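First the structure, in the form of structure tokens, and then the observations on it.
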Amino acid sequence: MEGSIKFGLWFVYIRWNSDNLVSRIRFVKTAVSGAVPVSLSKYLAGKVTTLYPLESIHLREEGTYGEIYRQVHAIPYGEIKTYKEIAEFVGTAPRVVGLAMKRNLTPILIPCHRVLSSHGLGGFTPDISIKEDLLKLESNFLKKVKIHEQDQV
DNA sequence: ACAGGAGTCAAAG
DNA sequence: CTTTGACTCCTGT
């Protein structure tokens, strides 16, 4: 199954199967017909913090890249880590983490936007502004939650 | 066998 | 502040 949904100036394309296993997520300029999973549209609307029950094919991968993808996947919503931190945990070089992120077939699901460089944002394909938007989306959601909690006290 | 990354750090201009 | 070079190590060819 496949489909797309608008996100800012881009469309998020997604392809998945009946087991909620996602094989591809991509940022494209023009819409692809078809609906997307509810959890994805809610996430992009800033209404939920989890993509469950969607799962990335990368999590089942063997070897160094698999380790990297699992570590990145474990970064909580709204939090960030550096390429270096991930590299040290997995036991490899920061550049290898960068490479793995560039070849990430399922961004958002494997939240590569939460991995920044030591000095700045780091990169993002096809456009760095998407990375900024996703980070903004998550920090805005967390702010709202805080305000709501204060109301209840 | 080899070149190249979504990186990092120190040193120099 | 910006540029340069050394270091790193996995992947695709």
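Every chain is numbered from 1 and lettered A, B, ... according to where its sequence line falls, protein lines coming before strand lines. As the structure is a prediction and not an experimental result, all values here were calculated from the model.
Listed by chain and residue number, A:Glu55 satisfy the salt bridge (charged side-chain N to carboxylate O under 4.0 Å, His left out) test with A:Arg60 (two or more places apart in sequence, or in another chain). Taking A:Glu67 as the reference, A:Arg70 meet the salt bridge (charged side-chain N to carboxylate O under 4.0 Å, His left out) condition, with sequence neighbours excluded. With sequence neighbours left out, the salt bridge (charged side-chain N to carboxylate O under 4.0 Å, His left out) criterion links A:Arg15 to no other residue.
A tilted orientation is assigned to the rings of A:Phe7 and A:Phe27, their planes being inclined by 30° to 60°.
Of the possible polar contacts, one joining the A:His58 side chain to the A:Leu105 backbone as a donor-acceptor pair under 3.5 Å is found. In this structure, A:Thr82 contributes its side chain and A:Glu85 its backbone to a donor-acceptor pair below 3.5 Å. Formation of a donor-acceptor pair under 3.5 Å by the A:Ser4 side chain with backbone atoms of A:Tyr13 is not found in this model. In this structure, the side chain of A:Asn104 engages the main chain of A:Ile110 through a donor-acceptor pair within 3.5 Å. Under the 3.5 Å distance criterion, the side-chain polar atoms of A:Lys81 are left unmatched by any main-chain donor or acceptor of A:Val72.
Of the residues in residues 69-78 of chain A, none lies under 4.0 Å from DNA chain B by heavy-atom distance.
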Problem set entry | Protein-to-nucleotide contact annotation, 5' to 3' order, nucleotides 6-13 of chain C [B base; S sugar-phosphate only; - none; under 4.0 Å, heavy atom] | -BBBSSS-

Exercise. What pattern of brackets, bars and dots sums up DNA chain B from 5' to 3', given Watson-Crick or G-U wobble pairs under 3.5 Å, [ ] for crossing pairs and | for another strand?
Worked result: |||||.|||||||

For this session: Applying side-chain contact (heavy atoms from CB on, under 4.5 Å), run through A:Ser23 and A:Trp16 and close with a yes or a no.
Result: CA-CA 6 Å; A:Ser23 56; A:Trp16 76 106; over 6 Å; no

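In this structure, the CD1 atom of A:Ile80 is 15 Å from the P atom of B:dG7, given to the nearest Å. Spacing between atom NZ of A:Lys81 and atom P of B:dT8 amounts to 15 Å, rounded to whole angstrom units. Distance CG (A:Leu121) to C1' (B:dT8): 16 Å, rounded to an integer number of Å. A straight line from CD1 of A:Ile86 to P of B:dT8 spans 11 Å, rounded to a whole angstrom. We find that CD of A:Glu88 is positioned 10 Å from C1' of B:dT8, with the value rounded to whole Å.
For B:dT8, the OP1/OP2 oxygens have a side-chain nitrogen or oxygen of A:Ser118 closer than 4.0 Å.
Ion pair A:Glu138/A:Arg114 flagged as a salt bridge, since at least one NZ, NE, NH1 or NH2 atom sits closer than 4.0 Å to an Asp/Glu carboxylate oxygen.
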